[in-house]
Structure formats: structure tokens, C-alpha cells
Amino acid sequence: VPESISFREQFDSDPAVRLLTDSLLMQALILDLDDTLLDDRAATRHALSAFVAFHRRALAGESDVESFARWRSLSAHHWQRFERGEISFLEQRRSRVCEFLRCSLSDLEADEAFEPYRKAYESSWSLVPECDEFMRKTAAIPKVIITNGEREQQLRKVQASGLHAH
């Protein structure tokens, strides 16, 4: 190697090394939607509070703390069933509602019973506090949003929150 060529110049001129380094350059940011960009925890808390308040009579004798803990347990159980492909997104929601309210409901009745939650949840969708600044600072970098949520609902979140513009 001639002394006039630095190690860095040799490194940069090697086609194999160049291919490797070019492939390592950032092509896009991969970002999770819920609780990375969108404050899903806050929306869920608001929705559950509205749901429990609406169904308070059916939950007689159970404190809010007990109701919230039971809802979270049922949610985790039925979400796992959904993720394993055992039930659909709507079936996990309906099963959760029926078990939580401790009654047998038709699909239509379960959907109607869930409405206070759905309305409060959707009206509470907002970005995490740092998201706007992050999006501005990374405006030149393409973004890919990933999620394990139900596609149609997640697309509505992206649209409602303004993330579709990024």
C-alpha cells in the first residue's frame, strides 16, 4: 500500500466495504405506534374509566381498582387468544365485555355495551408529548409505523392523530 493513501481512503475505495457501509446507512425509521408515537395508555385509562362509570350498576360491590384490575386481566387473556389466531379482533372484544359484565350477550349487545369505551378511547387519541418535535427533527427521514393492533383501528389512529402526514 503506497504511503500516500491513508487507511480511510483505502477502506472507502474497497467496493466490498463500500457495499457494506452503504447498506448500513439509515434508509428509514421503524417506529411502533402505541405508546411510542400515540399515547395509548392515557387513551385506555380514559376509556376504561368511562366504561366502568357507564356500567357501574352491573359492577355493584366492586371498586374501581378491582374493576380496572379485572379488565386488564381479561384484556390480556383475550388479546393473547387473538394474537394466536384463535379468535378475531371483534371476538376478543366481545368476549372481554361479556366476561367483564358477567353476562351472556349477543354480538350486537356486546358491541353496544362496548360503545362507551370505544367513544372515550377514540376521542382520547393523542400523540405522546415528544412526538411533534421528533417528527420535525426527523422530517427528512422516511418512517415506517409498525403495530400489533388490528389494522383498521390502527389506520384510524394514524389518520386521527395526523401521523399520516409524516
Side-chain angles (χ1 to χ4, degrees), residues 27-166:
Q27 301 295 314
L29 293 172
I30 299 174
L31 304 163
D32 184 41
L33 178 60
D34 292 329
D35 292 321
T36 300
L37 301 173
L38 187 116
D39 193 350
D40 192 65
R41 285 188 184 129
T44 299
R45 278 192 304 274
H46 180 74
L48 185 53
S49 293
F51 183 75
V52 166
F54 186 86
H55 293 289
R56 176 53 49 211
R57 288 185 50 206
L59 304 171
E62 187 173 80
S63 72
D64 283 354
V65 171
E66 292 167 325
S67 294
F68 291 1
R70 197 163 58 82
W71 178 264
R72 282 191 295 276
S73 175
L74 290 169
S75 294
H77 170 71
H78 291 295
W79 187 260
Q80 289 170 356
R81 293 178 61 211
F82 165 67
E83 285 185 332
R84 289 191 302 263
E86 297 171 10
I87 58 176
S88 71
F89 182 75
L90 282 176
E91 288 169 329
Q92 69 80 27
R93 177 190 292 169
R94 291 169 179 154
S95 295
R96 187 173 17 138
V97 168
C98 291
E99 285 185 49
F100 184 74
L101 297 177
R102 297 182 176 107
C103 62
S104 179
L105 300 170
S106 70
D107 287 351
L108 180 61
E109 290 169 330
D111 293 344
E112 288 173 358
F114 189 73
E115 275 301 289
Y117 184 102
R118 185 194 62 76
K119 287 178 180 176
Y121 181 62
E122 290 183 5
S123 70
S124 299
W125 289 339
S126 63
L127 299 177
V128 296
E130 306 83 11
C131 188
D132 283 330
E133 180 183 358
F134 172 79
M135 290 301 199
R136 276 193 308 278
K137 287 182 176 181
T138 61
I141 303 170
K143 294 160 192 71
V144 176
I145 298 174
I146 60 171
T147 180
N148 66 342
E150 192 265 338
R151 179 177 172 76
E152 294 307 314
Q153 181 182 62
Q154 301 303 73
L155 289 173
R156 287 194 312 274
K157 287 179 183 179
V158 168
Q159 186 71 31
S161 66
L163 287 169
H164 66 286
H166 300 282

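These numbers come from the heavy atoms of this one structure, side chains and all, not from hydrogens, waters or symmetry mates.
- Residues passing the salt bridge (Lys or Arg N to Asp or Glu O under 4.0 Å) test with D107 are R94, sequence neighbours excluded.
- In summary, the side chains of Q154 and D34 do present a donor paired with an acceptor at a separation below 3.5 Å, with no hydrogens or angles considered.
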For side chain to side chain contact (heavy atoms under 4.5 Å, CB included), just list the numbers for L29 and T138, CA-CA rounded to whole Å, side-chain angles, deciding distance to a tenth of an Å, and then say yes or no.
CA-CA 9 Å; L29 293 172; T138 61; 4.0 Å; yes
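- Ring pair F82/W79: centre-to-centre distance below 6.0 Å.
- F54 and F51 have their aromatic ring centers separated by at least 6.0 angstrom.
- With sequence neighbours excluded, the residues forming a side chain to side chain contact (heavy atoms under 4.5 Å, CB included) with R156 are E122, W125, E152, Q153, listed by chain and number.
- Between E66 and G61, the closest heavy-atom pair is OE1-O, 4.0 Å.
- In terms of heavy atoms, A113 sits closest to H55 at O-NE2, 2.8 Å.
- Contacts of R136 classified as salt bridge (Lys or Arg N to Asp or Glu O under 4.0 Å), with partners at least two apart in sequence or in another chain: none.
- Here NZ of K143 is found 7.5 Å from CG of L31. Values are rounded to the nearest 0.5 Å.
- D40 and K157 are joined by a salt bridge, as a carboxylate oxygen and a charged side-chain nitrogen come within less than 4.0 angstrom of each other.
- With hydrogens and angles ignored, the 3.5 Å screen pairs no side-chain donor or acceptor of S95 with any backbone N or O of Q92.
- With a 4.5 Å cut-off on side-chain heavy atoms, R93 and Y117 do not count as touching.
- Two residues are said to be in side-chain contact when any heavy atoms from C-beta on lie closer than 4.5 Å; L37 and D32 fail this criterion.
- Contact detail for H46 and A120: the closest heavy-atom pair is CD2-O, 3.4 Å.
- Side chains of E91 and H78: a donor-acceptor N/O pair is absent below 3.5 angstrom, by distance only.
- Here OG of S75 is found 10.5 Å from CZ of R70. Values are rounded to the nearest 0.5 Å.
- When side chains are defined from C-beta on, F100 does not count as touching F114, because their heavy atoms never get closer than 4.5 Å.
- Between R96 and R81, the closest side-chain pair of non-hydrogen atoms is not below 4.5 Å.
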